[in-house]
Asks: 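Before I ask anything, here is the structure I am working with.
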There are 2 protein chains.
Amino acid sequence: MAIQNTGGMQRRPTHPGEMLREDFLPDYGLTVAGLAEALGVSRQSINELLRERRAVSPEMALRLGRLFGNSPEFWLNAQRAIDLWVAAAAIKDEVERIKPLDAA
Amino acid sequence: MAIQNTGGMQRRPTHPGEMLREDFLPDYGLTVAGLAEALGVSRQSINELLRERRAVSPEMALRLGRLFGNSPEFWLNAQRAIDLWVAAAAIKDEVERIKPLDAA
DNA sequence: CCGAAAAGTAATCCGTCACGTGACACACGT
DNA sequence: ACGTGTGTCACGTGACGGATTACTTTTCGG
């Protein structure tokens with residue numbers, strides 16, 4: 001059966017920027033500017049990502065996946081968890097007012 | 001091991017709007033306006049979704065998942081496939097210019 | 001038939017967001 | 001002291017989800 005998880009999780013999921021900051025940058029010995037150049041984006045893009053002020057876009061996910069040898073999906077999964085968490089918090093009551101069709 | 005799929009897929013992945021139009025609407029006997037009202041959004045939002053002119057947002061995914069009894073991830077997975085496909089087509093050469101760190 | 005209600009769609013406005021550029025301040029090493 | 005690199009802010013741009021409004025087409029009851 002499909003797990004529903006209608007409740008959503010308690011705490012905000014880990015932001016990809018945190019993963020980058022805590023794990024990837026130290027592990028690879030990269031600086032912000034260095035990463036920016038390696039990815040072919042501006043320093044600000046990386047900076048805002050690390051500060052968790054910007055989401056990982058599909059384009060950015062492609063770049064990150066390419067550089068670090070993992071899939072774009074890896075980065076977008078983390079981002080999606082955040083997006084869903086934020087969206088759920090924002091329109092929680094709206095969504096709960098929707099009557100599931102199965103349960104008729 | 002992590003499968004890489006660096007090549008990307010040949011044809012454009014199925015748009016969530018197509019799934020709605022071809023499968024969900026007929027199966028549940030819903031009209032566009034009916035779906036819009038059931039979800040609590042405007043008719044245009046649904047209309048543009050069905051015509052594949054708009055992406056499934058996290059908010060919309062929450063609504064759809066709630067109404068149809070499946071997960072928001074289901075809808076966002078389909079959307080992400082499209083987003084990645086489009087992004088890859090757009091910045092393919094840019095990404096390929098990035099040197100993977102592992103492969104040194 | 002015909003007129004009204006419902007459904008599809010186009011146009012417009014608004015808020016948000018990823019991204020680049022330019023500028024600024026603060027280090028730290030030579 | 002100077003210059004290089006790094007963190008950050010301010011601004012402009014283009015794209016996009018969404019609502020509202022209005023116009024067109026279809027459908028259906030009398």
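First the proteins, then the strands, lettered A, B, ... as listed; each starts at 1. Predicted, not measured: the structure shown is a model, and the values here were computed from it.
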Asks: Reckon Gln44(A) touches a base, only the sugar-phosphate, or nothing at all at heavy-atom distances under 4.0 Å?
Replies: base
Asks: Between C1' on dA7(C) and CG on Leu30(B), what's the gap in Å once rounded to a whole number?
Replies: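 Checked: the CG to C1' distance equals 14 Å.
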Asks: Looking at the side chain of Met60(B), which of dT9(C), dG18(D), dT8(D) is the nearest nucleotide?
Replies: dG18(D)
Asks: In whole Å, what is the span from the CD atom of Gln79(B) to the P atom of dC16(D)?
Replies: 11 Å
Asks: Given dT6(D), dG8(C), dG20(C), identify the nucleotide with an atom nearest to the side chain of Arg43(B).
Replies: dG8(C)
Asks: To the side chain of Ala33(B), which of dA7(C), dC19(C), dG17(D) is closest?
Replies: dA7(C)
Asks: Reckon Ser57(A) has a side-chain N or O less than 4.0 Å from the OP1 or OP2 of dC17(C)?
Replies: no
Asks: Is a side-chain donor-acceptor pair under 3.5 Å present for Arg53(B) with Asn47(B)?
Replies: no
Asks: What distance separates Leu20(A) CG from Tyr28(A) OH, expressed to the nearest 0.5 Å?
Replies: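 Reported value, rounded in 0.5 Å steps: 11.0 Å.
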Asks: Does Glu18(A) have any side-chain contact (heavy atoms from CB on, under 4.5 Å) partners at least two apart in sequence or in another chain, and if so, which?
Replies: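 If we apply the side-chain contact (heavy atoms from CB on, under 4.5 Å) test to Glu18(A), skipping adjacent residues, the hits are Thr14(A), Arg21(A), Glu22(A), Glu52(A).
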Asks: What are the two closest non-hydrogen atoms of Leu76(B) and Val56(B), and how far apart are they?
Replies: CD2-O, 3.6 Å
Asks: State whether Asn47(B) places a side-chain N or O below 4.0 Å from either non-bridging phosphate oxygen (OP1 or OP2) of dG8(C).
Replies: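 For Asn47(B), the contact criterion (side-chain N or O under 4.0 Å from OP1 or OP2 of dG8(C)) is not met.
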Asks: Taking atom C1' of dC17(C) as reference, at what distance in whole Å does atom CD of Glu48(A) sit?
Replies: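 Rounding to the nearest Å, CD of Glu48(A) and C1' of dC17(C) are 10 Å apart.
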Asks: Separation of Leu50(B) atom CG from dG8(C) atom P, in whole Å?
Replies: 8 Å
Asks: Testing the basics here: between Ile98(A) and Pro100(A), what is the closest heavy-atom pair and its distance to 0.1 Å?
Replies: O-CD, 3.2 Å
Asks: Side chain of Val41(B) only, please: which of dC19(C), dA19(D), dA18(C) is the nearest?
Replies: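 Minimum distance to the Val41(B) side chain belongs to dA19(D).
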Asks: Take the protein atom CG of Leu35(A) and the nucleotide atom P of dG5(D), then report the distance between them rounded to whole Å.
Replies: 17 Å
Asks: Return no unless some side-chain N or O of Thr31(A) is found under 4.0 Å from OP1 or OP2 of dG5(D).
Replies: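 So the side-chain polar atoms of Thr31(A) never come under 4.0 Å of the phosphate oxygens OP1 or OP2 of dG5(D).
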Asks: Arg53(A) has an atom CZ; how far is it from atom P of dA18(C), in whole Å?
Replies: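 Atom CZ in Arg53(A) sits about 12 Å away from atom P in dA18(C).
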Asks: Distance check needed: dG17(D) P versus Glu59(B) CD, whole Å only.
Replies: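 Those two atoms, CD and P, are 11 Å apart.
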Asks: Look at all strands and tell whether Ser42(A) reaches a base, only sugar-phosphate, or nothing, counting heavy atoms closer than 4.0 Å.
Replies: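 Contact class for Ser42(A): base.
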Asks: Do any side-chain nitrogens or oxygens of Arg54(B) fall under 4.0 Å of OP1 or OP2 in dC16(D)?
Replies: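 The answer is no; no side-chain N or O of Arg54(B) sits under 4.0 Å from OP1 or OP2.
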Asks: Between Arg51(B) (CZ) and dT9(C) (P), how many Å, whole number?
Replies: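 Atom-to-atom, Arg51(B) to dT9(C), this comes out as 5 Å.
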